[in-house]
Structure formats: structure tokens, C-alpha cells
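Counting convention: from 1, in listed order, for ligands and their atoms alike. Numbering starts at 1 and runs along the sequence shown.
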Amino acid sequence: MDELDFLRSVLPLDHDQSRLSVKEGFWTTVTFAQSLNGCIAGPNGTQLILSGKQSMIMTHWMRSMHDAILVGINTVLSDDPQLNTRHLPPREGGYQLPLPIVLDTHLRMPLDCKLIRNASSGIGKYPLVFCTQALQDDIRKRTLQDLGVKVIPVELGSDGRIPMSTVVETLRQLGLHSLMVEGGASVLSSCLSSARDKLRIDRIIVTIANCVTPGNGTHYDISAQMTRLSLHTVTTLGGDIVAAYDLPGNS
Ligand SMILES: NC(=O)C1=CN([C@@H]2O[C@H](COP(=O)(O)OP(=O)(O)OC[C@H]3O[C@@H](n4cnc5c(N)ncnc54)[C@H](O)[C@@H]3O)[C@@H](O)[C@H]2O)C=CC1
Ligand SMILES: Nc1nc(O)c(N)c(N[C@@H]2O[C@H](COP(=O)(O)O)[C@@H](O)[C@H]2O)n1
């Protein structure tokens with residue numbers, strides 16, 4: 001099985017198998033890469049390239065299939081990600097890029113981050129940033145908006161965070177139909193925790209890279225009880241294991 005065969009077997013794709021096909025509803029994929037000892041980043045959130053070449057290409061194909069891609073602000077601060085599809089083979093017309101979504105409660109997004117720089121150079125979409133309602137009239141909001149960033153202030157949940165249900169509802173209202181959640185650790189924790197009540201997760205896709213990572217690496221964690229997922233499909237890509245899971249109760 002290659003990267004595309006894997007994705008065809010785990011995602012509901014359209015007739016030409018290039019995009020997710022969920023016209024009426026909304027599809028959420030949660031995905032991340034981890035080392036064999038369960039780390040998604042190094043100590044203090046230092047970025048680690050865990051995925052091998054093939055599983056990284058699989059992630060970029062997955063990006064090209066979703067309408068939006070979401071990360072937490074710490075991921076932007078530590079990795080300065082591009083969230084694009086640059087590892088895919090060049091083709092005429094390029095690939096549709098997902099809209100970058102950042103959960104940035106206190107609007108800490110650097111004005112010179114790659115997401116903004118790429119968009120202003122015409123090689124990416126301007127990110128959509130969710131922040132607290134308290135920053136509705138803040139100068140930081142206006143500064144980001146002046147650069148082209150779309151900022152959406154929302155009421156925080158009882159945990160002081162942006163509720164994932166509000167994010168999904170907003171994306172639906174914007175006419176988007178699919179979201180790929182890429183992390184980091186806190187976002188994965190809150191998504192996998194809130195899956196029990198508000199956020200419907202349709203597929204979890206994990207790359208288990210063939211590496212062990214040193215030191216006190218970064219893990220995600222959930223405080224709720226143990227949950228057994230159901231294994232949908234598993235394959236190997238290069239030296240990595242790539243597995244797709246469903247949450248219990250999702251049909
Ligand atoms: N291996 C992988 O696949 C990935 C690894 N990472 C790694 O994760 C690390 C960053 O993880 P974290 O520090 O945990 O930060 P994070 O990227 O998950 O961002 C967390 C921050 O987002 C904001 N936020 C607002 N609403 C939230 C909500 N509902 N849930 C969670 N956060 C919310 C808060 O300010 C919170 O502190 C980086 O080192 C990065 O390299 C990130 C993505 C993928
Ligand atoms: N699939 C995957 N494998 C890894 O080894 C990773 N470190 C990540 N990290 C995620 O990808 C983002 C970087 O994106 P760009 O390469 O800049 O497009 C990083 O911020 C994490 O979200 N993913």
C-alpha cells in the first residue's frame with residue numbers, strides 16, 4: 001500500500017480521489033506523528049522531524065484533501081510551520097491548500113511567521129485565528145487584520161480555551177466541510193478529551209515513526225478514563241507504521 005492507497009482506504013474521497021467528499025456534513029481528522037516512546041516533540045516543545053519521507057508525503061497528501069488545517073499557537077511559536085503541500089510532486093495547477101486555523105487565545109502570533117509571510121507572497125492562504133472575546137477591540141487584533149489575517153474573537157469555554165465546537169461551527173458557517181487537526185500536544189489533548197461530548201472526530205491517523213527520542217520529550221495527555229479505539233486500517237510507509245482509528249460510538 002502506498003501513501004495514496006492508505007488515504008483512499010481511510011478517508012471518504014470524491015470521484016477523482018483528490019478531496020474529501022462531505023458536501024452536507026463536516027469531517028474532522030485528528031493526526032500527528034510520534035516516536036516509539038510516545039513523544040510528538042522534544043524537551044520544551046522543540047520540533048522533531050519524526051516522520052520518514054513517505055509518511056511525511058502521506059501527511060502532505062492529507063493536507064491537500066482537507067478544507068482547513070488546525071494547530072495551537074505554541075506550535076506556531078515553536079515550529080513556525082507552513083502547513084502547505086510542498087512535499088508533493090509538482091503538477092500543473094498545483095494543489096488546493098488547506099486554510100490554516102490557529103487557536104491563539106491571547107493573540108501571540110508573530111507578525112513575521114511563515115504562515116503570514118507565505119500568504120503575503122501569494123504562496124499560501126492567510127490564517128484564520130481564533131482568540132478570546134476580550135481582545136475584540138485590542139490593537140493586536142487590528143494589527144493582524146491589517147496584515148490580512150482573519151481574526152475571530154469567541155467566548156472561551158469553562159477551561160479557559162477556545163471551544164472546538166465553536167471552531168467547527170464557524171468553519172461550517174464559512175462553507176468549509178473538513179478539518180485536519182495537526183496538534184500540538186495541548187490541542188490533541190483537548191480534542192481527544194472533548195470528543196466525548198462536543199467535537200466529533202471522524203478519524204484519527206497516527207504515524208508511529210521508527211525512532212526513539214531522548215530526554216523529557218513532549219507528550220499529549222488526556223485526563224479522562226482509558227478509551228480503547230477501534231483500528232480501521234494499518235500499514236507501513238517506509239520504516240514507519242501508519243494507523244487509522246475510529247473512536248467508539250462513531251459509525
Ligand atoms: N509530531 C507532531 O505531529 C506534532 C508535533 N507538534 C509539537 O507540539 C508542540 C506544541 O504543543 P503544545 O505546547 O502543547 O501547544 P499547542 O500547539 O497545542 O498550542 C496550545 C495553545 O493553544 C491555545 N489554545 C486555545 N484553545 C485551545 C484548545 N481548545 N485546546 C488547546 N489549546 C488551545 C492555548 O494558548 C494553548 O496554550 C510543538 O513542539 C510542536 O513541535 C505539533 C503538531 C504536530
Ligand atoms: N506528520 C508530521 N511528522 C513530523 O515528524 C512532524 N514533526 C510533524 N509536525 C507538524 O508539521 C508542522 C510543520 O509543518 P511544515 O513542515 O512547516 O509544513 C509542525 O508544526 C507540526 O504541526 N508532522
Please write down residue, atom name and distance for the protein heavy atom closest to [atom].
atom                    : answer
atom 29 (N) of ligand 1 : Ile162 O, 2.8 Å
atom 11 (O) of ligand 1 : Ala185 N, 3.1 Å
atom 11 (O) of ligand 2 : Glu182 OE1, 3.2 Å
atom 20 (C) of ligand 1 : Ser186 CB, 3.7 Å
atom 17 (O) of ligand 2 : Gln82 N, 2.8 Å
atom 23 (C) of ligand 1 : Leu103 O, 3.5 Å
atom 34 (C) of ligand 1 : Thr105 OG1, 3.9 Å
atom 5 (O) of ligand 2  : Leu50 N, 2.6 Å
atom 8 (O) of ligand 1  : Gly184 CA, 3.4 Å
atom 3 (O) of ligand 1  : Ala33 N, 2.8 Å
atom 13 (O) of ligand 1 : Asn74 ND2, 3.1 Å

Hey, which atoms in ligand 1 end up nearer than 4.0 Å to a heavy atom of [X]?
X      : answer
Ser190 : 28 (C), 29 (N), 30 (N), 31 (C)
Gly45  : 38 (C), 39 (O)
Phe32  : 3 (O)
Glu182 : 43 (C), 44 (C)
Gly72  : 16 (P), 17 (O), 19 (O), 22 (O)
Ala41  : 7 (C), 39 (O), 41 (O)

Quiz item: So which bit of Ser78 gets within less than 4.0 Å of ligand 1, heavy atoms only: side chain, backbone, both or neither?
Solution: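 Ser78 to ligand 1: side-chain contact only, backbone stays beyond 4.0 Å.
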
Can you get from [X] to [Y] by hopping between Ile, Leu, Val, Met, Phe, Trp and Tyr side chains that sit under 4.5 Å apart?
X      : Y      : answer
Leu179 : Leu20  : no
Leu11  : Met56  : no
Leu103 : Phe26  : yes
Leu7   : Val242 : yes

From [options] - option closest to [atom] by heavy atom:
atom                    : options              : answer
atom 15 (P) of ligand 2 : Lys114, Arg86, Met58 : Arg86
atom 21 (C) of ligand 1 : Asp159, Ile73, Leu48 : Ile73
atom 2 (C) of ligand 2  : Ala41, Ser51, Gly42  : Ser51
atom 10 (C) of ligand 1 : Leu50, Val76, Thr75  : Thr75

If the cut-off is 4.0 Å to any non-hydrogen atom of [X], which atoms of ligand 2 fall inside it?
X     : result
Ile49 : 5 (O)
Thr59 : 1 (N)
Asp79 : 19 (C), 20 (O), 21 (C)
Thr75 : 20 (O), 22 (O)

Exercise. Kindly state each residue pair satisfying side chain to side chain donor-acceptor pair (under 3.5 Å) with at least one member in residues 140-163, sequence neighbours excluded.
Key: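 Non-adjacent pairs meeting side chain to side chain donor-acceptor pair (under 3.5 Å): Asp138-Arg140.
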
Self-check item: contact_flag Thr207 ligand 2 heavy-atom lt 4.0 Å
Solution: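 So Thr207 does not count as touching ligand 2.
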
May I ask you to check whether [X] has an N/O atom sitting below 3.5 Å from an N/O atom of ligand 1?
X      : value
Ile40  : yes
Gln47  : no
Asp79  : yes
Val187 : yes
Asp104 : no
Pro163 : no
Gly183 : no

Quiz item: Among the heavy atoms of Arg108, does any lie under 4.0 Å from an atom of ligand 1?
Solution: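 It does; at least one heavy atom falls under 4.0 Å.
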
Quiz item: Does Val71 reach ligand 1, in the sense of a heavy atom lying below 4.0 Å from it?
Solution: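 The answer is no, since Val71 has no heavy atom less than 4.0 Å from ligand 1.
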
Exercise. Would you check if there is a donor-acceptor pair between the side chains of Thr207 and Ser55 at a distance under 3.5 Å?
Key: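 No, because no side-chain N or O of Ser55 sits under 3.5 Å from a partner of the opposite role on Thr207.
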
Quiz item: Does His60, backbone or side chain, put an N or O under 3.5 Å from an N or O of ligand 2?
Solution: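 In this structure, His60 places no N or O atom under 3.5 Å from an N or O of ligand 2.
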
Self-check item: Test of proximity, Asp80 against ligand 2: N or O pairs below 3.5 Å
Solution: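 No: no nitrogen or oxygen of Asp80 is under 3.5 Å from one in ligand 2.
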
Quiz item: Between Val187 and Val71, is any pair of side-chain heavy atoms under 4.5 Å apart?
Solution: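 A side-chain contact is absent here, since even the closest heavy-atom pair is not under 4.5 Å.
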
Quiz item: Is any side-chain heavy atom of Val76 closer than 4.5 Å to a side-chain heavy atom of Pro110?
Solution: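 Sidechains of Pro110 and Val76: in contact.
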
Quiz item: Would a search of protein heavy atoms around atom 8 (C) of ligand 2 find one under 4.0 Å away?
Solution: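 So atom 8 (C) of ligand 2 lacks protein heavy-atom neighbours under 4.0 Å.
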
Quiz item: Can you find a protein heavy atom under 4.0 Å from atom 36 (C) of ligand 1?
Solution: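 False for atom 36 (C) of ligand 1.
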
Donor-acceptor pair, [X] side chain versus [Y] backbone, under 3.5 Å?
X      : Y      : value
Arg203 : Leu247 : no
Thr75  : Gly184 : yes
His177 : Gly25  : yes

Counting only heavy atoms closer than 4.0 Å, does ligand 2 sit against the backbone of [X], its side chain, both, or neither?
X     : value
Ala33 : side chain
Leu48 : backbone
Arg63 : side chain

Quiz prompt | Shortest non-hydrogen contact from Asp79 toward Gly45 | solution =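 Shortest heavy-atom separation between Asp79 and Gly45 comes out as OD1-O, 4.3 Å.
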
Quiz item: So, for Val234 and Ala243, which heavy atoms are closest and what is the spacing to 0.1 Å?
Solution: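 Smallest heavy-atom distance, with atoms named: CG2-CB, 3.9 Å.
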
Quiz item: According to the interplanar angle, ranging from 0 to 90°, do the rings of Trp61 and Tyr95 count as parallel (below 30°), tilted (30 to 60°) or perpendicular (above 60°)?
Solution: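 The rings of Trp61 and Tyr95 stand perpendicular, inter-plane angle above 60°.
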
Self-check item: Whether over 12 other heavy atoms sit under 6.0 Å from Arg91 CZ
Solution: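 Counting other residues, nucleotides and ligands, CZ of Arg91 exceeds 12 neighbours.
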
Exercise. Answer yes or no: does atom CG of Asn216 have more than 12 heavy-atom neighbours from other residues, nucleotides or ligands under 6.0 Å?
Key: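 No, because the 6.0 Å sphere around CG of Asn216 holds 12 heavy atoms or fewer from other groups.
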
Quiz item: Under the side chain to side chain donor-acceptor pair (under 3.5 Å) test, which residues partner Asp104, sequence neighbours left out?
Solution: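 Per chain and number, Asp104 pairs via side chain to side chain donor-acceptor pair (under 3.5 Å) with no residue.
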
